[in-house]
Every structure is written in C-alpha cells, then in structure tokens.
*Asks:* 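Here it is, the structure in full.
Here is how names work: the chains are called A, B, and so on, in the same order as the sequence lines, proteins then strands, and each is numbered from 1.
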Amino acid sequence: MNHELYSLIEGVLFVVGDDGVETERLAAALELPEPTVQEALDEMVTQYANDDRRGIELVVFGGRYKFVSKALIHPVAQKLFEQTSAKTFSQAALETLAIIAYKQPITRVEIEEIRSVGCDMMIRKLLARNLIKEVGRSDAPGKPFLYAVTEEFLDTFSLASIQELPELPSFREEQEADSEQLFG
Amino acid sequence: MDSFRISIDQFEGPMDLMLHLVREKELDLFDLDLDVLADQYIAYIEAMDNMHLEIASEYLAELAGLLEYKSRRLLPKDKSELEDTYEEDTREQLVQRLLEYDRFQRVSETFRQLQEERMLHMDKPQEEIVSGWLKDPNNFTDARGNAYDLIKAMNRVIQRYKIMQPLPKAVARKELSIEERTVTLKANMVRLGDTFTLEDLCADVTQMNEFLVTFLSVLDMIRSGYLSVCTGDDDTIWLGRGSSHES
C-alpha cells in the first residue's frame, strides 16, 4: 500500500464529509488512474473495518465513499447526547420505496395498483425527503411522471448501488413446499 | 373473531387486510378459497362499519368486487363457459395481486432492518468552507438541485431567521411591495460580489413579511433572468448574476 496515496485519500474523505466522493471524481482530483484509486479504496475499506483501534469505518453508499462512525459508537453517542435523531419510516413509506426501487422507473398509478391505496401524498413526502426523484414521463395517457430512487435512498438503506438491492422474495417460504407439490 | 380486534386503520389497505385474513384463516394462497376470503372480508368491513369507523374508498372498491363475485356464485349455474372463466379469472387476478403485494410487504421488512443498521452509523456534515467552494461561477451554468432543494434551503433560512429573532415586540406592519423591494435589493447587490447567498440579501430584514417579500422578489428576479440560482449541498441558496443582468 502506497502510504502517500493512503494519506491523500484519507484526507480528502475527511474533507468531503457526509457528501462522500465517487472513485471517478477522486481519481480525477488525484490525477491517478481509476483502478489504482479503486484498489486503494477497497483496501482501506477492509483496513478500517478490521482495525479495532479505529472508531470510524469507510463505507460506500450509492457509489460514494465516506467515513461513518462504527456501530459500536452509537450507544456511547446516545449517552453523550440526550437523544440521537431516529427518523424511522412508516410501513406505507417502506412499501412505496420498495416498489419504486424494484420497479423503477414507475408511475404513481402503477404503484397504487400494487398497494391498492392512493399514494399521492406519500410520493410527495418521499420527493420532499429526496428519497425518490422524477425521471421523466411515461407514454401512458396523461403523460404521468416516472419515479426512481435517489442516491439518498441508497445511503439511507446502506446500499452501495441499485444492483445491491436485497433479493425480492418470490413467495412465502412456508408455501414453497406446498407449491412444489402442486407443480411437481 | 380475532381479526375484528384489529381496527381498520391498522391496515395499509385492502391488500394488507386480505393478506391478514389469509394468514389468520390459514388459507393457501396458491389454492385460494375465494369464498372463504370474500366472506371474511365482507364480515370484517361490516363489523368496522357497525363500529362507525371510517372506511376508506379503497376498501369499498375491493368489497364491491368481492360482492360481485359472491352474487355470481349464488346465481343458478347455467354451465356456460363464460361463467366459469369469470370466477377463475377473478380468483386468479386477486391471487396474483396478493402474491405481488406480499413480496413487497416482506421485502420492506428487510429495508426496515437495513435502515436500522444504517442509523447506527453517523457521518459528519461537510465543512462550510468546503461547500463554499461551490461559489465558483462555472457551477452556475448547470442549475443543480430541484424545487425541493430550494424548499429545503428556504426552510433553513427561515429556521435561522427564527433563531435570530429577538423576543416578540409590538407589531408594526409596514406595507412593502415586491417592486419596492426589488429596487432596494438591486441597489444592495452592487455592494455584494459576483455571488452571494440569500441570507446576504436578507441582512436588513427584521420582519417575517419583509423576509417573504424578499424571497418573492428574488424568485421574480430569477424568473426574469436577472439572477441565477443554485443550492449548495448544505442547503445554502447561492445567487449570482443571471443572463439578463447588464451593467
């Protein structure tokens, strides 16, 4: 590991803060080829994670690298401050986000068909929280907006990229056996 | 019956209610007895109605569908094929919708866990001086952010304004038109550099109505191209000279 590169990357990551930085932009700023920087970043992720003396770790959410405190800091921070902000999502919000994430780009009506309830307010809330964005219009009558999830969404759910979405369960597991009998 | 103890507002919608009934009655989604489900659903909605609870239209839409299904079943069978396909299709469609919804309901649990995990890790906001580098006028060419960024930025300014606000004093309303304010702002801008923040323009503001007029005036100048706007990552509203800004 190149110590100078290590310290440069560490310093830049410190400076960018919670915004984080993509490999591409970091490589451009350092005037180094992307694979070199990527390799260093990968190495640093492992190093920070495995080093017990470190209270911070290097993560990649939505393609952006940044430092976050390790999970073990959380209870300590909670004692230090009276309260740490805990913005949890309602079931309705989680369902809507999940549908958008797996089906994007998707219109409001398509989301409502799956959830069987109106989602207008929910979509506005998610837009305002920057978790979803408008990505154009569908060709359907009325040219409705198409929605997709944002980098903020990936960050909120610890996802490195949209490809890292957890696998969508096909159907209830306890019924898997039944269905096999049914079709087998 | 157990399910009636759960009030209708605890459900996310008719699909959620139906899945609950399927689970409770231990029905098999892959070999769904729609008669049982329809009876349960109808009984549940009736029970909620008797308790004078408000039932959202979505529940009634599904209720209508199930009632239609039930009533067709009650009609004497004329053994026509049409009749049979109607029953099969309704059942099949409903099963497909329930299965689809079930997938998302279950994956949303995974998302909840992911988010809880994420919340254990905290990050640091960017230093203001770093965000300030965005002042580079080149960045003004592509308007970053969207209307929601602007709303967020606006809220932040109002928050700050509230903090700055001294204790309430006597109310003295002074009428201020957007046109008047625009003239004052244009004069003030001469002192400011190429780029400045919305806060800079609000430096002489002491009342909320003045603040709102300032904001409207700024919006108007953006619209007319006198000013250009972009929002920084820390929700700061940066303003610069627009395309039609001469002098």
Side-chain angles (χ1 to χ4, degrees), chain A residues 14-20 57 59 61 66-75 77 84-99 101-102 112-118 127-130 133-134 155-159 165-172 175 178-179 182-183, chain B residues 10-19 22-23 26 28-31 56-59 61-62 97-131 133 145-149 151-152 155 232-234:
Chain A
F14 177 77
V15 168
V16 294
D18 62 357
D19 256 13
E57 61 184 271
V59 290
F61 296 143
K66 65 177 174 184
F67 284 128
V68 295
S69 60
K70 284 185 179 172
L72 60 97
I73 307 301
H74 191 257
T84 42
S85 65
K87 256 192 185 175
T88 49
F89 292 96
S90 66
Q91 179 64 25
L94 284 171
E95 279 174 20
T96 313
L97 281 172
I99 292 168
Y102 287 96
E112 287 171 347
E113 272 166 16
I114 297 175
R115 293 200 61 229
S116 72
V117 287
L127 278 172
R129 279 179 77 170
N130 199 22
K133 60 186 173 188
E134 289 159 357
D155 191 328
T156 308
F157 295 98
S158 329
L159 301 168
L165 284 175
E167 203 179 326
L168 192 55
S170 48
F171 40 72
R172 203 162 286 279
Q175 279 164 349
D178 297 349
S179 69
L182 205 71
F183 301 117
Chain B
Q10 307 266 323
F11 289 105
E12 292 295 334
M15 286 291 124
D16 192 23
L17 170 58
M18 280 189 224
L19 278 178
V22 165
R23 269 171 230 149
E26 290 175 349
D28 184 354
L29 261 186
F30 289 93
D31 186 23
S57 59
E58 291 99 352
Y59 290 93
E62 297 297 335
R97 286 172 63 203
L98 286 170
L99 283 173
E100 173 93 333
Y101 182 67
D102 182 51
R103 303 171 81 187
F104 286 108
Q105 213 177 40
R106 289 200 297 146
V107 85
S108 65
E109 194 44 49
T110 314
F111 277 105
R112 186 188 302 285
Q113 285 161 15
L114 283 172
Q115 196 230 350
E116 275 168 13
E117 220 289 306
R118 174 69 183 88
M119 280 197 314
L120 298 176
H121 303 273
M122 285 151 287
D123 33 22
K124 300 293 289 176
Q126 205 170 65
E127 190 69 37
E128 231 169 89
I129 189 166
V130 179
S131 319
W133 289 339
N146 54 30
Y148 292 101
D149 287 337
I151 293 169
K152 250 168 75 185
N155 279 331
D233 291 324
D234 60 347

*Asks:* Can you say whether Tyr102(A) sits under 4.5 Å from chain B via the side chain, the backbone, both, or neither, judging by heavy atoms?
*Replies:*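 For Tyr102(A), the contact with chain B is made by the side chain alone.
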*Asks:* Is there side-chain contact between Arg118(B) and Asp155(A), with at least one heavy-atom pair below 4.5 Å?
*Replies:*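 Yes; the side chains approach each other to less than 4.5 Å.
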*Asks:* For Asp123(B) and Phe67(A), work out which heavy atoms get closest and say how close.
*Replies:*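 Where Asp123(B) meets Phe67(A) most closely, the heavy atoms are CB-O, 3.6 Å.
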*Asks:* Rounded to the nearest 0.5 Å, what's the gap from CG on Leu120(B) to CG on Leu72(A)? Could you check?
*Replies:*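 Interatomic distance, Leu120(B) CG to Leu72(A) CG, rounded to 0.5 Å: 10.0 Å.
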*Asks:* Just give me the residue among Glu100(B), Arg112(B), Glu62(B) that pairs up with chain A most often, heavy atom to heavy atom, under 4.5 Å.
*Replies:*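 Highest number of heavy-atom pairs under 4.5 Å: Arg112(B).
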*Asks:* Below 4.5 Å from any heavy atom of chain B, which atoms of Leu165(A) appear? Answer side chain, backbone, both or neither.
*Replies:*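 When you check distances to chain B, only side chain atoms of Leu165(A) fall under 4.5 Å.
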*Asks:* With a 4.5 angstrom heavy-atom cut-off, could you sort out which part of Lys70(A) is near chain B: side chain, backbone, both or neither?
*Replies:*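 Just the backbone, heavy atoms under 4.5 Å.
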*Asks:* How far does CD of Glu109(B) sit from CG of Leu94(A), to the nearest 0.5 angstrom?
*Replies:*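 Answer for the CD-CG pair, Glu109(B) versus Leu94(A), is 8.0 Å.
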*Asks:* Looking at every non-hydrogen atom in both residues, tell me the closest pair between Arg106(B) and Pro169(A) and how far apart they are.
*Replies:*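 Shortest heavy-atom separation between Arg106(B) and Pro169(A) comes out as NH2-CB, 3.5 Å.
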*Asks:* Considering all heavy atoms of both residues, which atom of His121(B) and which atom of Ala71(A) are nearest to each other, and what is their separation?
*Replies:*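 Closest approach of His121(B) to Ala71(A), heavy atoms only: CE1-N, 3.4 Å.
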*Asks:* Working to the nearest 0.5 Å, report the span between CD1 of Ile99(A) and CD of Gln105(B).
*Replies:*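 The CD1 atom of Ile99(A) sits 10.0 Å away from the CD atom of Gln105(B).
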*Asks:* Specify the closest pair of heavy atoms between Gly13(B) and Ser116(A), including all atoms of both residues, with the distance to one decimal.
*Replies:*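 Answer, listing the atom of Gly13(B) first, then Ser116(A): C-OG, 4.3 Å.
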*Asks:* Measure distances from Glu57(A) to the heavy atoms of chain B and classify the residue's part below 4.5 Å as side chain, backbone, both or neither.
*Replies:*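 Only the side chain of Glu57(A) comes within 4.5 Å of chain B.
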*Asks:* When you look at Phe104(B) and Leu168(A), which way does the side chain to side chain contact (heavy atoms under 4.5 Å, CB included) test go after all the steps?
*Replies:* CA-CA 7 Å; Phe104(B) 286 108; Leu168(A) 192 55; 4.1 Å; yes
*Asks:* Could you pull out all residues at least two apart from Phe157(A) that satisfy ring pair (Phe, Tyr, Trp, His ring centres under 6.0 Å)?
*Replies:*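 So Phe157(A) forms a ring pair (Phe, Tyr, Trp, His ring centres under 6.0 Å) with Phe89(A), Phe153(A), Phe111(B).
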*Asks:* Less than 4.5 Å apart, side chain to side chain, heavy atoms only: is that true for Lys66(A) and Lys124(B)?
*Replies:*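 No; the side chains remain at least 4.5 Å from each other.
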*Asks:* Given that the side chain runs from C-beta out, which part of Leu159(A) has a heavy atom under 4.5 Å from chain B: side chain, backbone, both or neither?
*Replies:*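 Contact with chain B involves the side chain of Leu159(A) alone.
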*Asks:* Can you see which heavy atom on Glu113(A) is nearest to which on Arg97(B), and at what distance?
*Replies:*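 For Glu113(A) and Arg97(B), the tightest heavy-atom pair comes out as O-NE, 4.3 Å.
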*Asks:* Output yes when a side-chain donor or acceptor of Glu95(A) lies under 3.5 Å from a complementary backbone atom of Ser108(B), and no otherwise.
*Replies:*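 A pair under 3.5 Å: no.
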